[in-house]
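To start, the structure under review is shown below, and the notes come after it.
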Amino acid sequence: MNASYNSGTSLFFAIDKELKWRIGFANQKWNLKAGQRYDIAYVIDNFPVNTSSAIAINDDFAIAELPATSDIFQQFRVGRMFVVREGNGFLRFSLNGTSRALSSLLACANEGKLRTASDYRAFGTTRQAVAPPAPAQGVTAEEKLEATQFVANILSTGELRDYKILTSSETNKPSMPDIVRTAAVAWSAPSSFGVLHIVPNGANNVDTLVGGVIGSDAEACKGTFASGKIPDADLPTMRRVFTTCSTDNEDTSHIEYIFVPRPNGSVYRFGTATLFSGDKPKVENQGLREALKKAVFNN
């Protein structure tokens with residue numbers, strides 16, 4: 001299926017009998033290089049941001065493979081606006097009418113004999129989709145996508161090892177803590193996870209934001225709580241703090257926050273959390289610090 005927009009860009013969806021589904025973009029004014037891969041980030045309404053790669057088929061057409069999960073499929077069916085970021089540009093698509101169109105497309109794929117009936121039900125054509133989270137006041141889809149690209153650039157510096165940006169299906173799991181499910185971007189590592197929240201109009205109140213985070217973590221801690229600021233002369237415009245909570249069963253959670261004021265008046269609030277037991281010492285997230293130093297100060 002495909003639809004054309006006033007911007008001159010056409011949007012395509014395709015589902016094959018193996019339940020692989022792809023999305024395509026075409027514009028006669030583009031000058032793509034066939035075979036080149038373009039990293040993209042996309043968001044539907046207020047759902048979490050997802051990332052993918054689009055491959056140019058020719059000079060004006062690129063396709064991206066999307067995960068075969070019911071969550072993403074349902075977002076496209078119930079969503080109203082689809083926003084894509086590639087490089088420094090944005091593509092915006094209204095999703096009006098896609099619910100019936102995608103259901104028809106899936107039915108057509110079903111006629112092509114999907115692997116099992118359970119595969120077909122996994123897309124949940126009759127299952128009610130989970131409602132998107134409430135939007136953070138003042139945070140736009142474009143800002144969420146920009147934040148995702150910022151995080152991706154940081155991860156690509158090589159300072160952070162074995163990190164993976166989480167998809168919306170992963171961040172929306174009930175087992176995930178609120179700090180992950182409410183983040184603009186979240187990523188995971190073997191023994192920790194990281195999040196980025198966007199605080200609009202917070203650049204003039206960074207110290208207030210720091211106090212709010214410490215107070216919130218202190219209230220949530222049901223054991224022994226500690227917090228403190230981490231002075232950093234190399235990052236003069238940022239604030240670094242940590243909070244630690246130790247419970248009776250000797251489990252300790254350690255969270256480090258870095259507050260990064262942005263030129264548009266917003267603040268990026270990074271948080272990295274580690275859970276450990278016993279006497280394992282806490283380790284400052286030097287990797288994130290060094291990556292941010294490169295990304296923000298180019299050194």
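- The side-chain heavy atoms of Phe47 and Tyr42, taken from C-beta on, include no pair separated by under 4.5 Å.
- Remark: Ile179 engages Pro177, Phe193, Val195, His197, Tyr257 in a side-chain contact (heavy atoms from CB on, under 4.5 Å) (not counting sequence neighbours).
- Closest approach of Ile40 and Ala64 over heavy atoms only: CD1-CB, 4.2 Å.
- Counted by atom type alone, Thr224 and Ser246 present zero donor-acceptor pairs between their side chains at under 3.5 Å.
- Annotation: Lys164, atom NZ; neighbour count of heavy atoms from other residues, nucleotides and ligands within 6.0 Å is above 12.
- Following chains of ILVMFWY side-chain contacts shorter than 4.5 Å, one can reach Val185 starting from Met238, so the two form part of one hydrophobic cluster.
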Using residues 52-61 as the side-chain source, report each donor-acceptor pair under 3.5 Å to any protein atom, sequence neighbours left out, with the distance given to one decimal.
residue, atom, partner, partner atom, Å
Ser52, OG, Glu65, O, 3.3
Ser53, OG, Asp39, OD1, 3.1
Asn58, OD1, Asp60, N, 3.1
Asn58, OD1, Phe61, N, 3.0

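- The shortest heavy-atom contact between Arg262 and Phe150 is NH1-CE1, 3.8 Å.
- Phe90 and Leu32 end up in different hydrophobic clusters when Ile, Leu, Val, Met, Phe, Trp and Tyr side chains are linked at under 4.5 Å.
- Each salt bridge (Lys or Arg N to Asp or Glu O under 4.0 Å) pair with one or both residues in residues 182-208, not counting sequence neighbours, appears once here: Asp207-Arg239.
- A donor and an acceptor atom, one from each side chain of Ser266 and Asn264, are located under 3.5 Å apart.
- If you chain together hydrophobic residues whose side chains sit under 4.5 Å apart, Leu91 and Phe13 fall into the same group.
- Looking only at side-chain heavy atoms (C-beta outward), Ile44 and Leu95 come within less than 4.5 Å of each other.
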